[in-house]
Amino acid sequence: INAEYMGTPSECLFFFEMVNVGAVCALLNILNGAFFGYTLIGITSAAYTVWRCQYGMESATTTNEWWIALLFTIINVGGLPYGLVAGPVMNGYGRRKAVMFGGLMSLTGTLLSGVSTSYFVASIARIITGVGIGAMSSSIPVYVQEMAPDDKKGTFQAIGGPFIPLTILMGTVAGYFILGPNRDLTTPDYCPLFNKQEITSMNMLLMAPSCMIAATVVIVATTIMEESKAWKRTVHCNLVTIKEGATTSWSPDMESGDPHEGKPLISKVPLPDATSSDIPSGWAGLLRIPRVIILGLVMGMAMQGTGINAVMFYAPKFMTMGGITHRMFGSILVMLWNFLMAVLALVVLNKVNRRILLLTGLGLMALVLLLLDPVYGLIHNGTIGNSWCIVLLFLFVTGFEFGPGTLFAVVVNEIIPEPVLALASPLIGTSMGMMGILVAFVFPAMERDLGSNVFFIFGSIAVVVWVYIFLCLPEARGKSRQEVTKRVTEGNWIVIKDSLK
């Protein structure tokens with residue numbers, strides 16, 4: 001690097017520090033997305049067979065179906081409740097320890113899940129894994145928002161997104177090979193082909209990638225991840241003495257010194273006049289930001305209430321409804337397209353205003369959902385070919401990735417004022433997760449009773465969400481945190497003019 005171009009040694013040091021922090025933020029979010037995608041969804045196709053063989057549920061009875069479904073969903077028993085305490089944990093122990101805790105719990109849970117031979121132990125392992133997912137999913141976005149370079153926060157928040165569909169795809173492919181050539185047999189015919197040790201080996205092999213990802217999170221958190229300077233500023237805000245009795249508050253922009261060691265602090269830049277200083281940092285602060293909380297819940301509805309879980313979990317059923325015979329191949333195509341669109345959305349994220357990108361993506365989702373029923377009718381009548389089923393699914397996934405799929409974490413963490421970021425962000429994430437579970441549970445019954453008319457419900461939700469975001473979500477791209485905080489805590493809730501800027 002040209003030293004003359006870089007300037008003083010302190011400026012060079014600051015440059016390298018920013019590069020290192022940015023790399024850590026990117027790595028943590030990638031690992032978070034990869035663990036979430038593989039462990040929650042990617043293993044599903046193979047685990048459905050392996051776990052039924054492992055835990056004595058080979059026979060195709062209704063009771064066994066319920067027990068295996070419970071084993072998949074019980075992970076949320078650990079993950080969702082953690083969102084209620086994530087804020088106090090992060091505020092009390094710091095972001096770094098919260099990430100470390102999430103990685104350790106995830107590693108413990110997946111290791112135990114891989115070696116367990118009883119249903120009870122496997123259930124405990126899934127709950128522990130859920131706690132780990134909850135801890136990482138709560139703390140990593142907050143850490144990234146506080147530590148990433150200002151002009152790259154959006155990119156670093158969204159960079160983990162493409163790795164969710166990628167690891168879902170990888171998990172599906174891995175399961176294909178782990179199950180072997182008899183993979184298409186039903187469990188009553190498949191399980192007797194293998195002894196207990198062979199099934200356990202399959203299970204361990206299936207869970208190995210989850211273990212490796214979780215172990216990497218622990219290594220990153222314990223070695224190269226530094227503590228959030230925003231958290232240090234909050235905890236160590238007491239005044240310290242510098243030169244001849246002069247005082248100043250510790251700030252993340254201090255060039256030297258450490259509040260833990262009592263070293264002198266020399267300010268590199270003047271402290272900003274934070275608009276959020278009047279907002280309490282505890283639970284009372286949430287009462288001061290009703291507009292932000294409502295916007296966060298609406299973003300959660302855009303993320304999960306518009307049917308993306310139904311698309312990802314029930315893609316084979318969609319293929320059947322559209323008349324596609326090779327259903328699993330069609331599902332893999334949807335997941336691959338999901339990954340490609342997530343990467344493309346990441347490329348354009350900082351080139352287009354958040355509102356324009358979000359409203360365009362959400363509008364495309366709403367249009368597809370409202371067209372699904374009449375299009376399926378035309379397919380079944382033979383008026384159009386069944387390939388239109390794949391086209392509509394691809395359009396829906398495109399809208400999702402260019403809209404809430406990429407922008408949920410970005411927008412939510414941009415509009416939440418810094419004093420309550422660690423409390424509000426996990427709560428909004430928990431509400432989003434609850435919506436996702438609700439959709440996953442009610443969709444099969446709704447589809448059975450309503451047929452393809454069920455998509456009108458999802459489409460109507462998408463329209464309502466689109467209207468609210470159009471009216472009330474302010475533009476945050478290119479604005480300072482103080483400007484965004486002022487916009488969401490003062491003045492009119494209606495911000496239509498932001499679409500014209």
Side-chain angles (χ1 to χ4, degrees), residues 34-82 101-137 167-168 170-172 174-180 182-183 185-215 217-218 309 313 433 436-437 440-441:
F35 188 83
F36 184 92
Y38 184 88
T39 309
L40 236 65
I41 307 173
I43 66 170
T44 303
S45 59
Y48 178 82
T49 299
V50 172
W51 289 354
R52 291 189 67 160
C53 298
Q54 180 82 324
Y55 308 124
M57 297 182 288
E58 299 94 335
S59 58
T61 65
T62 302
T63 301
N64 284 340
E65 290 291 340
W66 278 106
W67 281 115
I68 194 67
L70 178 62
L71 190 56
F72 280 115
T73 58
I74 202 171
I75 196 169
N76 298 291
V77 173
L80 293 181
Y82 182 85
F101 170 76
L104 285 171
M105 294 297 286
S106 298
L107 178 58
T108 302
T110 50
L111 276 173
L112 189 60
S113 182
V115 301
S116 64
T117 57
S118 74
Y119 184 92
F120 176 76
V121 174
S123 300
I124 298 300
R126 294 285 285 176
I127 293 174
I128 294 173
T129 304
V131 173
I133 291 176
M136 290 194 299
S137 298
T167 50
I168 292 173
M170 291 172 61
T172 303
Y176 179 88
F177 289 103
I178 289 172
L179 291 178
N182 298 304
R183 66 185 69 87
L185 294 178
T186 60
T187 51
D189 297 324
Y190 182 87
C191 296
L193 299 177
F194 304 91
N195 59 42
K196 197 71 172 179
Q197 185 177 356
E198 290 172 328
I199 293 295
T200 301
S201 297
M202 288 183 187
N203 191 32
M204 292 174 63
L205 190 59
L206 186 63
M207 299 306 301
S210 294
C211 295
M212 289 188 288
I213 296 171
V217 172
V218 175
N309 266 5
F313 279 104
I437 293 174
F441 268 107

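Residues take their numbers from the sequence shown, with the count starting at 1.
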ask   = Going through the checks in order, is the side chain to side chain contact (heavy atoms under 4.5 Å, CB included) test met by Val217 and Ser106?
value = CA-CA 9 Å; Val217 172; Ser106 298; over 6 Å; no
inquiry  = If you apply the rule side chain to side chain contact (heavy atoms under 4.5 Å, CB included), what do you find for Phe35 with Ser137, and how did you get there?
reply    = CA-CA 10 Å; Phe35 188 83; Ser137 298; over 6 Å; no
request  = Report the C-alpha distance between Val50 and Phe194 in whole Å, list the side-chain angles of each, state the deciding distance to 0.1 Å, and finish with yes or no for side chain to side chain contact (heavy atoms under 4.5 Å, CB included).
outcome  = CA-CA 10 Å; Val50 172; Phe194 304 91; over 6 Å; no
request  = Under the side chain to side chain contact (heavy atoms under 4.5 Å, CB included) rule, what do Phe36 and Ile133 come out as? Steps first, then yes or no, please.
outcome  = CA-CA 7 Å; Phe36 184 92; Ile133 291 176; 4.0 Å; yes
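Contact of the Met202 side chain with the Ile199 side chain is registered, since non-hydrogen atoms from C-beta on lie closer than 4.5 Å. Looking at Thr129 and Met105, their side chains never come closer than 4.5 Å, going by heavy atoms from C-beta outward. A 4.5 Å side-chain heavy-atom check between Leu193 and Leu185 finds at least one atom pair inside the cut-off. No side-chain heavy atom of Ile128 sits less than 4.5 Å from a side-chain heavy atom of Val131. Residues Tyr119 and Gln54 fail the side-chain proximity criterion, which asks for heavy atoms closer than 4.5 Å. Two residues are said to be in side-chain contact when any heavy atoms from C-beta on lie closer than 4.5 Å; Leu112 and Val121 meet this criterion. Side chains of Ile43 and Trp51 form a contact here, defined as non-hydrogen atoms less than 4.5 Å apart. With a 4.5 Å cut-off on side-chain heavy atoms, Met212 and Met207 do not count as touching.
To the nearest 0.5 Å, atom CD1 of residue Ile127 and atom CG of residue Asn76 are 10.5 Å apart. Atom OG1 of residue Thr61 and atom CD of residue Glu65 lie 7.5 Å apart, to the nearest 0.5 angstrom. Taking SG of Cys53 as the reference point, atom CG of Asn203 lies at 10.5 Å (rounded to 0.5 Å). The distance from the OG1 atom of Thr63 to the CD1 atom of Ile68 is 13.0 Å, given to the nearest 0.5 Å.
The shortest heavy-atom contact between Thr44 and Leu40 is OG1-O, 3.6 Å. Nearest approach of Ala214 to Leu107, heavy atoms of both residues: CB-N, 3.5 Å. Of all non-hydrogen atoms in Gly103 and Met136, the two that sit nearest each other are N-CG, 4.0 Å. The shortest heavy-atom contact between Arg52 and Cys191 is C-SG, 4.5 Å. Minimum heavy-atom separation, Asn182 to Tyr190: O-CD1, 3.1 Å. When every heavy atom of Ala46 is checked against every heavy atom of Gly175, the shortest pair comes out as CB-CA, 3.4 Å.
Note on ring orientation: taking the six-membered ring where Trp is involved, the planes of Tyr82 and Phe101 are parallel (angle under 30°, cut-offs 30° and 60°). A parallel orientation is assigned to the rings of Tyr48 and Phe72, their planes being inclined by less than 30° (bins at 30° and 60°).
Ser113 contributes no side-chain N or O that, together with a main-chain N or O of Gly109, makes up a donor-acceptor pair within less than 3.5 Å. For the pair Asn195 (side chain) and Glu198 (backbone), a donor-acceptor distance under 3.5 Å is present. Under a 3.5 Å cut-off, the side chain of Asn64 and the backbone N or O of Ser59 do form a donor-acceptor pair. No donor-acceptor pair under 3.5 Å is formed between the side chain of Arg126 and the backbone N or O of Ile74.
Side-chain contact annotation: Thr186 with Asp189, donor-acceptor N/O pair under 3.5 Å present. Under the 3.5 Å distance criterion, with hydrogens and angles disregarded, a donor-acceptor pair is assigned to the side chains of Ser210 and Thr39.
Tyr176 carries Arg183 over the face of its six-membered ring, with the cationic atom under 6.0 Å from the centre and within 45° of the normal.
The environment of Tyr55 atom OH is dense: over 12 non-hydrogen atoms of other residues, nucleotides or ligands sit within 6.0 angstrom.
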